[in-house]
2 protein chains.
Amino acid sequence: MGSGDVESAGDRNEPGSAVPAGELAGGRAQPKTDKSEATRALILETAMRMFQERGYEKTTMRAIAAEAGVSVGNAYYYFSAKEFLIQGFYDRMTYDHAADARARMAGVKDFSQRLEIALVSWLDTAAPYHEFSAQFFRTAADPTSSLSPFSNESHPARATAVELFRDVLQGSELAPKLDAELVELLPDVLWLHLMVVVLYWVFDRTEDTERTREFVRRSTPMAARVINLSRYRIFRPIVRDAKGLIQDFILPTIGKTAVKQPPAS
Amino acid sequence: MGSGDVESAGDRNEPGSAVPAGELAGGRAQPKTDKSEATRALILETAMRMFQERGYEKTTMRAIAAEAGVSVGNAYYYFSAKEFLIQGFYDRMTYDHAADARARMAGVKDFSQRLEIALVSWLDTAAPYHEFSAQFFRTAADPTSSLSPFSNESHPARATAVELFRDVLQGSELAPKLDAELVELLPDVLWLHLMVVVLYWVFDRTEDTERTREFVRRSTPMAARVINLSRYRIFRPIVRDAKGLIQDFILPTIGKTAVKQPPAS
DNA sequence: GAACAGTTTTGAACGCGTTCGAAATTGTCT
DNA sequence: AGACAATTTCGAACGCGTTCAAAACTGTTC
């Protein structure tokens with residue numbers, strides 16, 4: 001996977017103008033000791049447990065600190081803002097999702113089915129957190145926040161997810177003769193599909209997010225069909241347009257540094 | 001949440017648990033007197049001016065109240081939360097956009113051009129607010145907030161925008177033989193297109209949001225082409241799928257209660 | 001051991017959005 | 001006019017996220 005460097009883009013942040021540019025990532029630069037690492041972990045675990053129990057907003061920093069047996073200031077020493085406590089959450093869920101989806105896909109060869117499995121797996125993985133998802137979705141929607149799914153800080157999690165969709169594709173018996181360049185772009189496009197599903201899910205208020213689940217059931221075969229049809233000649237101009245749009249406007253935005261091959265011939 | 005009554009959604013609110021469920025809309029139920037109305041307007045105008053000058057977060061409720069010459073409590077009497085001050089903003093911008101776009105479209109017959117004009121018009125209308133757009137986009141992204149573009153409270157503004165796109169279509173010389181049902185859905189789909197552009201715009205950090213403008217220039221002709229091609233036979237199954245998806249999953253979510261009204265002014 | 005430079009921890013304090021009981025004002029009826 | 005209710009206005013106070021100077025701890029060097 002390891003294509004190159006992410007453009008550093010450190011100083012996008014609103015608030016401070018004198019950010020030391022060193023420790024933007026989460027809360028700390030380096031864990032110096034084991035005890036330090038333990039404290040950090042304790043705070044994170046406590047916070048995540050409390051978020052699940054009471055929701056994000058209702059869980060105060062004071063309460064987290066008290067429950068973890070440390071002072072507020074100490075919590076802020078490790079996590080420079082409340083929202084950074086979410087990042088750990090986000091990362092872990094991405095990882096769990098990828099593992100679960102791969103397990104479920106095992107043996108399934110049909111692309112449409114694999115895609116659906118991957119998406120449903122996300123819904124299941126995220127289900128426990130649906131109630132307070134809105135509260136941190138709000139935070140994630142802030143472009144200046146490192147929690148935005150498009151931010152550099154989210155790059156590792158995003159890469160993991162994109163990789164999963166690459167697996168979805170590679171395990172499928174796709175129609176031959178598909179445009180190779182297009183296939184190359186698909187993992188990212190499918191990740192975008194997931195983002196749309198997530199968006200829908202966040203707003204979904206039905207029991208067990210049944211509506212989103214049906215949305216997935218309906219939209220996946222359609223996606224498969226579109227991909228399949230892209231082989232036909234009439235589609236060629238559109239496919240070219242779409243490819244251009246994705247390469248020029250979508251990928252750069254999600255921090256993809258132009259791995260583009262020059263158009264041969 | 002498609003059919004029937006809109007569940008009052010009062011108790012989705014985090015903070016209070018005893019919301020009277022009466023005045024969720026903006027800040028007040030009814031303006032009782034002229035003076036009342038004047039005070040309300042004064043606060044709103046002051047707030048909007050200060051938002052533009054200093055940004056949303058940096059403008060405190062205390063500062064707004066002081067500048068407007070009223071007490072904080074009074075401001076809260078009219079606007080039950082800071083975010084409600086944005087709604088006025090949102091509504092006004094939607095109105096300005098529609099007016100500006102219609103003026104610019106006058107005489108233009110080509111669909112693709114009309115669509116591009118409508119979108120560019122939005123970018124121009126919104127340009128002064130781009131700097132702090134992120135700050136209130138964050139608020140708008142909260143599904144539980146009335147400021148979400150999908151919320152019921154945003155319905156009037158949304159309807160205005162959709163109406164504009166209906167005009168975009170009606171003034172165009174579209175290919176004949178287009179699926180009538182599809183055409184009927186298009187205004188909402190084009191509004192969604194605008195939402196995507198807005199999303200892109202919010203995250204856009206280029207000079208004068210040049211990147212978004214190019215995105216519009218590239219994506220509009222493509223949209224036009226897709227619509228045009230939808231006539232061909234191979235597309236029929238996909239078009240049917242797409243129509244189903246839109247009707248069953250998109251329109252209900254954006255609060256479409258099958259109300260159609262002729263453009264009367 | 002003492003002295004010293006980190007690193008970690010503390011808790012009081014700040015500024016903010018918001019709430020609330022009460023005061024001031026306005027409107028209505030006799 | 002006075003009496004009474006409704007509306008509008010006020011500002012102190014609450015809880016929250018966050019900051020910061022100082023204290024406590026740790027490891028290193030004589």
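From a predicted model like this one, the values you see are computed outputs, not experimental measurements. Just so it is clear: chains get the letters A, B, ... in the order the sequence lines come, proteins before strands, and each one is counted from 1.
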Specify the separation, in whole Å, of atom CZ of B/Phe84 and atom C1' of C/dG17.
-> 14 Å

Would you mind reading off the distance between B/Lys82 atom NZ and C/dT18 atom C1', rounded to a whole angstrom?
-> 12 Å

For A/Ser148, which residues count as a side-chain contact (heavy atoms from CB on, under 4.5 Å) partner, sequence neighbours excluded?
-> A/Phe150, A/Ser151, B/Phe203

Most 5' of B/Lys35 and B/Glu57 on DNA chain C, judged by nearest nucleotide = B/Glu57

Nearest whole angstrom, please: distance from the P of C/dT8 to the CZ of A/Phe79.
-> 13 Å

Quick one: do the B/Tyr78 and B/Ser36 side chains pair a donor with an acceptor below 3.5 Å?
-> yes

Separation of D/dT8 atom C1' from B/Glu37 atom CD, nearest Å, is 14 Å

Return no unless some side-chain N or O of B/Tyr77 is found under 4.0 Å from OP1 or OP2 of D/dT9.
-> no

Would you say a side-chain N or O of A/Ser36 is under 4.0 Å from OP1 or OP2 of C/dT8?
-> yes

How close or far is atom C1' of D/dG17 from atom CD1 of A/Ile43, stated in whole angstroms?
-> 15 Å

5' precedence on DNA chain D between A/Tyr56 and A/Gly73 (nearest-nucleotide basis) = A/Tyr56

Residue-phosphate contact under 4.0 Å: B/Tyr76 side-chain N/O, D/dT9 OP1/OP2 | no

Nucleotide D/dT19, atom C1' - distance to CE of A/Met61 in whole Å = 12 Å

OP1 or OP2 of C/dG15 less than 4.0 angstrom from a side-chain nitrogen or oxygen of B/Thr60, does that happen here?
-> no

Cation-pi geometry met for B/Lys82 and B/Tyr76 (6.0 Å, 45°) = no

Mind checking what makes ring pair (Phe, Tyr, Trp, His ring centres under 6.0 Å) contact with B/Tyr129, not counting sequence neighbours?
-> B/Phe89

Starting at the 5' end of DNA chain C, which residue's closest nucleotide do you reach first, B/Glu83 or A/Arg62?
-> A/Arg62

Starting at atom NZ of B/Lys58, determine the distance to atom P of C/dC16, rounded to an integer number of angstrom.
-> 12 Å

Under-4.0 Å side-chain N/O to phosphate OP1/OP2 contact, A/Asn74 with C/dT10 | yes

Is there a side-chain polar atom (N or O) of A/Thr39 under 4.0 Å from OP1 or OP2 of C/dT9?
-> yes

With a non-hydrogen cut-off below 4.0 angstrom, is B/Val70 in contact with a base, only sugar-phosphate, or nothing?
-> sugar-phosphate

Can a donor-acceptor pair be found between the side chains of B/Asp96 and B/Thr125 at a distance below 3.5 Å?
-> no

